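Because the structure is a prediction, the values reported are computed rather than measured. Whatever order the structure lists ligands and atoms in, that order sets their numbers, starting from 1.
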Amino acid sequence: MKVSQTIKLARKNVSAARKQGKTIGLVPTMGALHRGHISLIEAAKKKCDYVVVSIFVNPTQFGPSEDFGKYPRPLEEDLKMCKKAGADLVFNPSVEEMYPEKNITWVNVEKITENLCGRSRPRHFRGVTTVCTKLFNIVAPDMAFFGQKDAQQAIVIKRMVADLNMPLKIIVCPTVREQSGLALSSRNKYLSEQEREDAAYIYKSLQKCKEMIDSGGRNTETLINEMRNILQQKKSIKIEYISIVDEKTLENIDYIQDKALAAVAVRIGSTRLIDNFPIDITR
Ligand code: PAF
């Protein structure tokens with residue numbers, strides 16, 4: 001496995017693989033890797049001949065009062081995990097390499113970035129779409145792999161790729177969970193043991209919603225109230241949103257008709273956690 005800190009070297013390695021006729025898969029990450037990321041690397045290995053993992057804590061997607069400074073950066077461990085999972089190249093640039101000057105060029109997806117996480121993180125998705133565009137331009141992958149846990153991010157990136165005719169396919173892989181149901185996230189590292197136990201109620205609320213939908217529940221107010229009841233059983237959980245939205249527009253809906261997304265964001269202590277499940281009643 002190779003590690004490149006510079007754009008020039010990353011491009012050189014990728015183009016050598018491309019010259020050998022290999023297809024290129026990119027797994028963009030901010031490091032602090034867990035089994036969720038490993039599942040993305042494994043999916044990339046199944047579908048592509050040469051797998052690039054980017055590890056870059058992207059400052060432009062963090063708000064001024066967010067955790068950019070304290071975001072975990074266990075690089076040595078991350079590199080070991082990438083190697084074990086079979087990555088061919090890790091691209092691990094510095095902030096100066098990615099943003100040599102103050103960024104004034106942005107890729108901005110409108111509308112679908114306004115609801116859900118966009119409400120409390122107003123410029124977050126602009127940072128994500130801009131850095132992903134830069135990574136796609138640097139690596140030129142045939143496919144890029146994202147997790148379902150960040151459902152809005154995956155939908156926004158898919159839309160950006162479609163709107164801008166970017167020549168790659170976006171693959172969304174299932175959320176990986178702890179035994180308790182808690183979705184794996186690099187931010188779970190911030191949780192105390194008690195908080196981690198309480199955080200399992202996020203999944204519990206989503207599961208209840210799924211059960212109600214499976215037995216015919218369609219009114220989103222009723223479903224959301226039930227989810228709120230479950231989350232409120234834990235005093236440590238501060239609800240940011242519980243939403244059921246159209247899977248394309250990401251606007252709130254009153255009634256589930258075909259495909260939708262149930263999504264939750266909470267704070268436990270100072271840790272912000274999100275989770276979701278895609279709804280499809282056409283199946
Ligand atoms: O999901 C993440 O870790 C980040 O938002 C991403 C896609 C790597 C962009 O910085």
Side-chain angles (χ1 to χ4, degrees), residues 7 10 25-41 43-44 51-63 66-75 77-79 81-82 85 87 89-99 103 105-109 112-113 116-118 120-139 141 143-161 164 166 168-176 183-190 263 265 271-276:
I7 294 168
L26 171 65
V27 181
T29 81
M30 298 207 300
L33 303 182
H34 49 67
R35 280 187 292 117
H37 296 110
I38 301 306
S39 76
L40 299 181
I41 300 174
V51 175
V52 183
V53 179
S54 63
I55 299 180
F56 178 60
V57 185
N58 172 38
T60 65
Q61 69 189 74
F62 288 79
E66 291 182 358
D67 56 345
F68 175 68
K70 77 164 201 186
Y71 199 84
R73 292 163 171 85
L75 185 61
E77 236 171 89
D78 286 347
L79 292 177
M81 287 171 79
C82 288
L89 172 68
V90 172
F91 175 48
N92 170 226
S94 63
V95 172
E96 294 70 34
E97 179 73 5
M98 286 298 273
Y99 297 106
N103 207 53
T105 305
W106 300 99
V107 180
N108 195 27
V109 178
I112 57 173
T113 52
L116 305 177
C117 294
S120 66
R121 307 188 77 191
R123 279 190 282 271
H124 167 70
F125 288 111
R126 184 185 80 160
V128 170
T129 43
T130 301
V131 83
C132 285
T133 301
K134 286 161 78 72
L135 292 169
F136 296 166
N137 284 337
I138 293 163
V139 176
M143 295 182 200
F145 297 76
F146 293 85
Q148 173 64 31
K149 203 219 27 133
D150 297 296
Q152 187 174 16
Q153 166 171 283
I155 291 167
V156 167
I157 286 169
K158 270 191 170 174
R159 184 59 189 260
M160 170 186 85
V161 164
L164 297 180
M166 293 181 171
L168 78 157
K169 202 168 163 195
I170 301 300
I171 313 283
V172 183
C173 302
T175 302
V176 179
L184 295 194
S185 161
S186 305
R187 289 188 168 99
N188 292 354
K189 292 197 173 151
Y190 302 147
T271 309
R272 186 174 180 278
L273 299 172
I274 57 173
D275 202 351
N276 68 83

re atom 3 (O) of ligand 1, the protein heavy-atom contact at minimum distance is Met30 CG, 3.5 Å

Would you mind listing every side chain to side chain donor-acceptor pair (under 3.5 Å) that reaches into residues 30-41, with sequence neighbours excluded?
none

Which ligand 1 atoms are under 4.0 Å away from a heavy-atom of Phe146?
7 (C)

Shortest protein heavy-atom distance from atom 1 (O) of ligand 1, along with the residue and atom involved:
Gln153 NE2, 2.8 Å

Are any side-chain N or O atoms of Glu97 and backbone N or O atoms of Ile7, one a donor and one an acceptor, separated by less than 3.5 Å?
yes

Taking NZ in Lys189 as the centre, count heavy atoms belonging to other residues, nucleotides or ligands within less than 6.0 Å. Is the count above 12?
yes

Name the residue from Arg121, Arg187, Arg272 that meets the salt bridge (Lys or Arg N to Asp or Glu O under 4.0 Å) definition with Glu66.
Arg121

For the side chain of Gln152 and the backbone of Cys117, is there at least one donor-acceptor N/O pair under 3.5 Å apart?
yes

Within the 4.0 Å heavy-atom shell around Pro28, which atoms of ligand 1 are there?
8 (C)

Nearest non-hydrogen protein atom to atom 9 (C) of ligand 1, with distance, is Gln61 OE1, 3.3 Å

Ligand 1 atoms nearer than 4.0 angstrom to some heavy atom of Thr29 are 8 (C)

Residue portion contacting ligand 1 (non-hydrogen atoms closer than 4.0 Å) for Ile157
neither

Near Val131, which atoms of ligand 1 are under 4.0 Å from a heavy atom of that residue?
9 (C), 10 (O)

Taking the six-membered ring of Tyr99 as reference, does the NZ or CZ atom of Lys134 fall below 6.0 Å from its centre and within a 45° cone about the axis?
yes

